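The next block holds one structure in the form of structure tokens; read it before the comments.
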Amino acid sequence: MSPDPQTPSAADAVPSHRYTAELAGRIEKRWQDHWEERGTYHAPNPVGPLKGEVPADKLFVQDMFPYPSGAGLHVGHPLGFIGTDVFARYHRMNGRNVLHTMGFDAFGLPAEQYAVQTGQHPRKTTEDNIQTYLRQIRRLGLGHDERRRISTIDPNYYRWTQWIFLQIFNSWYDADAGRARPIAELEAEFALGKRNTPDGRGWCELTRAEQYAVLNEYRLVYLSDAPVNWVPGLGTVVANEEVTADGRSERGNFPVFRKNLRQWMMRITAYADRLIDDLDRLDWPDKVKAMQRNWIGRSHGARVSFPVGEHVIEVFTTRPDTLFGATYMVLAPEHPLVDVITTAEHVDAVAEYRRVAANKSDLDRQENKQKTGVFTGAHAVNPVDGKEIPVYVADYVLMGYGTGAIMAVPGQDQRDWDFATKFDLPIIRTVQPTEGFDGEAFTGEGPAINSGFLDGLEIDEAKSTIIAWLEEHGHGRGTIQYKLRDWLFSRQRYWGEPFPIVYDEDSQPIALPESMLPVELPEVEDYSPRTFDPMDADTEPSPPLSRAAEWVEVELDLGEGKKKYRRDANTMPNWAGSCWYQLRYVDPTDTERFCEPENEQYWLGPRSDGDPGGVDLYIGGVEHAVLHLLYSRFWQKVLFDLGHVSAEEPYRRLFNQGMIQAYAYVDERGVYVDASKVVERDGKYFFGDQEVKQEYGKMGKSLRNVVTPDEMCETYGADTFRMYEMSMGPMDVSRPWATKDVVGAQRFLQRLWRNIVDEETGEVRVTDAEPDEATLRALHKAIAGVHEDYSNLRYNTAGAKLIELNNHLTKNFTEGCPRVVAEAMVQMLAPLCPHVAEELWSKLGATESLAHGPFPTADERYLVEDTVEYPIQVNGKVRGRITVAAGASQDEVKAAALAEEKVAALVAGGTPRKVIVVPGRLVNIVL
RNA sequence: GCCCUUGUAGCCCAACGGAAGAGGCACCGCGCUCAGAACGCGGCCAGUGCAGGUUCGAAUCCUGCCAAGGGCACCA
């Protein structure tokens with residue numbers, strides 16, 4: 001073991017039983033082995049291989065699924081892991097059956113990329129990384145049930161990912177019933193004639209292929225030829241959620257192109273309403289709820305039809321009440337009606353405009369907010385007043401939202417106002433602006449004007465009136481529009497779950513039967529995705545699996561005798577495995593089912609009326625707000641609808657931990673220097689003799705400011721590291737890492753150790769003396785406070801209360817502190833610093849681990865004071881103090897306050913206007 | 001541009017609408033030491049981003065502004 005760098009020469013001066021990093025290291029290793037050998041953190045299930053005695057009171061705590069990166073951990077990563085561990089330990093000590101474990105989300109691009117660089121198989125690199133990761137987190141003393149470790153790349157795991165995919169594939173959304181149902185039930189409805197086929201023929205008259213084609217239109221997973229996000233630089237398509245606001249891929253930051261490709265989609269839009277509405281039932285941060293609502297983007301409005309000759313332009317608007325103010329219309333450049341309605345003399349101009357628009361990237365469109373457009377020569381008829389209004393083509397209208405066409409109301413919409421002023425189009429206000437309004441478009445509340453039969457109505461009333469009118473006259477209808485799109489579910493990668501789908505000679509997708517799962521990844525020569533020039537939009541994805549000819553071409557008996565089929569060569573996106581892993585944690589070794597219903601109900605089921613069920617506490621970063629958390633909720637709801645699970649939501653309570661950031665330093669050349677070697681002098685920072693500039697940001701290799709948990713454990717011990725990390729601030733606040741502050745946590749543990757153990761002899765130095773009143777008060781106050789703090793994830797204040805109590809002991813008991821106090825303190829310390837607590841607990845004579853308690857409870861007697869000191873305020877300023885019995889009535893306190901010498905002088909015989917007595921706090925006299 | 005979050009000692013952070021300080025780091029003094037501190041004791045340090053308002057009383061509630069961080073962004 002390397003010598004502690006901070007005490008280079010004094011090693012022999014250190015008492016042999018001092019709680020040093022070296023001793024902490026030995027203690028930690030010993031207890032980690034002990035826990036593992038005895039399965040201390042094994043949580044029993046009601047049924048199945050992990051069956052055991054289950055207390056009714058349970059707790060399921062989960063960390064967001066880590067990806068086992070090759071770079072290893074920095075001190076920011078375990079923040080959440082330790083947070084869940086403290087919570088789990090606290091509840092375990094208080095008698096609950098606590099499920100806490102950690103597995104790995106191990107498919108993904110980095111392993112593939114690393115494999116390409118090193119020539120190693122992604123499985124090899126991934127499994128190596130997992131071992132490294134496990135070694136790193138083991139050192140932190142996390143109380144995981146190791147039996148429940150899972151990994152998405154394990155065929156025994158992805159077999160069930162594929163199984164769930166098939167469940168979704170074999171379902172359709174019954175909008176009338178508001179839930180998913182098996183596709184077989186739909187087929188039965190067609191067969192019985194309860195439901196008409198698209199062309200009206202009887203179900204039996206259709207060929208099998210035609211029947212498949214009809215059903216495929218309903219499935220919750222379907223193949224689509226719609227435009228998708230193609231990323232040549234990655235060689236794969238990605239989901240909308242994986243495209244950043246500036247039109248680049250979240251991973252790799254490559255340009256994204258819209259391209260028509262045949263891809264798998266999941267019909268998440270069918271669940272849009274439930275995904276929004278059920279947010280109200282979740283204990284989640286408002287921020288995340290807001291982001292999901294935003295992403296789903298539900299807006300209420302109307303579809304309105306505007307005739308153009310014999311054609312009809314349908315628009316979506318959230319402001320049907322402003323229909324009388326529609327002075328022109330706009331089609332998106334890609335709108336199919338553009339070709340149809342453009343008049344001969346405008347054809348050239350329109351074609352030119354569309355050509356230019358097509359070549360603009362999304363970024364260009366966004367950066368240039370100057371309105372552009374061109375007249376089509378056509379006019380549409382406003383259904384409310386029969387007026388003819390011109391139809392334009394402009395790229396400020398997007399094909400991807402609503403109907404790709406709008407009615408323009410410049411009086412109430414700033415974008416339309418801008419366009420109208422530029423093209424000299426009329427502007428009619430249809431909402432009376434508030435007095436003094438001197439802006440352009442008015443978007444506020446007000447009565448309708450210039451709107452015929454709507455005049456005088458407020459916006460909401462006008463909306464419902466006009467919608468009723470539109471529906472009555474067949475010009476439109478009220479509707480709801482969503483921003484959410486279906487989920488693009490295929491990727492052209494090697495390192496992911498293969499689809500359990502084959503194609504027959506008609507290219508119809510056919511689901512493989514459950515008995516053929518898992519469909520395992522084949523070995524291939526070259527597992528790299530074929531990537532292209534990132535800017536080259538005219539490229540095609542080429543999945544690595546398509547090159548595994550002997551895997552793709554298969555002969556199977558799918559009920560029609562042995563036939564040749566072609567496998568789907570795509571793989572599932574990274575998110576697939578994390579959509580359901582909480583269910584597998586519950587039943588990790590079940591070979592018959594993805595999760596046994598009894599176990600699911602016990603750990604995840606609803607606990608009261610209206611409770612959606614789910615994990616009791618889910619901690620992770622906010623970056624998954626709309627990706628993982630939306631997808632996961634979607635899968636959960638499908639499984640719920642199909643009767644496979646009892647919980648409607650996967651994660652009942654969500655908590656976002658903050659990010660640990662760090663200072664970084666750049667020299668004159670702008671090059672980052674090793675942050676650990678920078679020293680501060682007189683408010684300036686120096687790297688050697690060179691002055692450097694301080695920056696602040698994420699921890700990372702490129703900023704040269706990484707601090708690892710390994711080095712913290714080495715230098716201070718895991719318990720000190722845990723203690724420090726939890727006491728830096730509240731869990732949800734981002735804060736800067738400061739290695740120099742860690743020593744505070746270490747000093748605390750040393751003092752606590754010293755209060756119980758003789759540093760010279762190693763003997764326990766507690767006494768059997770009865771603690772004095774003040775000590776009992778301090779103890780029970782700490783107990784009460786610590787309970788509060790642990791259950792509310794306020795570990796920083798819990799830690800402070802322990803320090804406070806320990807400081808009291810240090811000051812008052814130089815010859816050893818009373819045993820009862822020492823014991824309670826060790827128990828309270830255990831969730832934060834489990835190793836040293838176990839060690840002290842056993843030194844105090846225990847033979848059982850502290851993992852399952854006991855945990856002290858506060859005695860009310862010591863929480864109430866006999867006497868209370870009241871500050872007396874006169875007009876808000878403290879002028880004196882009185883001490884009265886705790887049970888004194890308000891009148892007694894008031895009388896005592898007025899009698900106080902300085903106060904009486906100020907009141908000087910007059911009558912105060914008001915005397916406020918706040919029981920237990922203070923008295924305020926208003927003169 | 002819109003939405004959300006956060007502004008308290010040199011730094012990280014506490015404080016049911018009720019005396020601004022729980023804890024840690026840094027700093028200073030004294031003690032113990034040949035010496036040192038990862039020891040003991042004690043201390044220094046802010047009036048809560050700014051301006052208003054509500055209230056007997058505001059760090060806390062409300063309004064506006066400023067700053068930092070995050071999300072969304074021509075979504076009709």
Side-chain angles (χ1 to χ4, degrees), chain A residues 4 6-7 9-10 13-15 18-21 245-246 285-288 290-291 294-295 297 299 301 315-319 330 365-366 368-369 371 394-398 400-409 412-416 418-419 481-483 622-623 625-626 659 661 680 683 696 716 720 723-724 727-730 732-738 740-751 754 759 785 794 796-804 807 810-811 814 869-878 881 912-916 918-927:
Chain A
D4 183 338
Q6 295 185 353
T7 54
S9 62
V14 173
R18 173 166 291 179
Y19 183 73
T20 59
D246 53 355
D286 287 339
K287 181 190 167 84
V288 176
M291 283 164 73
N294 225 316
W295 186 260
S299 40
V315 302
F316 171 74
T317 175
T318 55
R319 294 295 303 274
V330 183
R365 272 195 176 193
Q366 267 170 40
N368 187 2
K369 299 226 167 157
K371 296 286 178 289
D395 67 2
Y396 81 92
V397 172
L398 310 173
Y401 185 77
T403 60
I406 62 155
M407 63 175 208
V409 187
Q412 270 76 230
D413 185 299
Q414 189 59 42
R415 294 160 298 182
D416 297 342
D418 294 342
F419 191 88
Q481 184 70 40
Y482 304 91
K483 211 180 90 180
V622 74
E623 65 273 17
V626 286
M659 203 190 305
Q661 294 175 290
E680 184 181 351
Y696 183 56
Y716 298 99
T720 293
M723 178 74 193
Y724 170 65
S727 56
M728 290 169 78
D732 52 354
V733 169
S734 293
R735 72 286 319 249
W737 178 263
K740 69 178 175 56
D741 291 358
V742 180
V743 70
Q746 188 178 33
R747 282 180 194 151
F748 160 62
L749 291 180
Q750 280 179 345
R751 281 191 200 129
R754 195 181 300 122
E759 287 191 332
R794 291 192 303 246
N796 54 329
T797 48
K801 288 180 174 92
L802 290 174
I803 294 171
E804 207 179 343
N807 287 350
T810 307
K811 199 176 289 186
T814 44
E869 188 191 52
Y870 281 86
I872 317 297
Q873 291 183 346
V874 177
N875 288 340
K877 287 202 169 64
V878 179
R881 282 158 212 284
R913 284 205 297 163
K914 206 169 183 182
V915 179
I916 296 132
V918 183
R921 304 301 306 206
L922 54 57
V923 180
N924 191 8
I925 296 164
V926 187
L927 294 180

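What you see below is based on every heavy atom in this structure, not just the backbone, and it leaves out hydrogens, waters and symmetry mates. Just so it is clear, the structure is predicted and the values come from calculations on it, not from any experiment.
Contact of A/Lys371 with B/rC74 (side chain to base): a donor-acceptor pair of N or O atoms is detected under 3.5 Å. Checked by distance alone, A/Glu804 brings no side-chain donor or acceptor within 3.5 Å of a matching partner on the base of B/rA22.
A/Gln746 has its CD atom 11 Å from the P atom of B/rC25, to the nearest Å. Whole-Å rounding puts the A/Asp732 CG to B/rG7 P distance at 11 Å. Spacing between atom CZ of A/Arg18 and atom C1' of B/rC39 amounts to 7 Å, rounded to whole angstrom units. With rounding to whole Å, A/Glu759 atom CD is found 12 Å from B/rA37 atom C1'. Across the protein-nucleic acid pair, A/Met659 atom CE and B/rU6 atom P stand 17 Å apart, rounded to whole Å.
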Filtered N/O pairs between nucleotides 11-14 of chain B and protein, under 3.5 Å:
unit_1 : atom_1 : unit_2   : atom_2 : d
B/rC12 : O2'    : A/Met728 : O      : 2.9
B/rA14 : OP1    : A/Asn796 : ND2    : 3.4

Taking N or O atoms only and anything under 3.5 Å, show me the protein contacts with nucleotides 70-72 of chain B, one pair per line.
unit_1 : atom_1 : unit_2   : atom_2 : d
B/rG70 : O2'    : A/Lys287 : NZ     : 3.1

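Only the P atoms considered, B/rA67 is 16 Å distant from B/rG49, to the nearest whole Å.
Put simply, A/Arg747 has no side-chain N or O that comes within less than 4.0 Å of OP1 or OP2 on B/rA37. A/Arg921 has no side-chain polar atom (N or O) that falls below the 4.0 Å cut-off from OP1 or OP2 of B/rG17.
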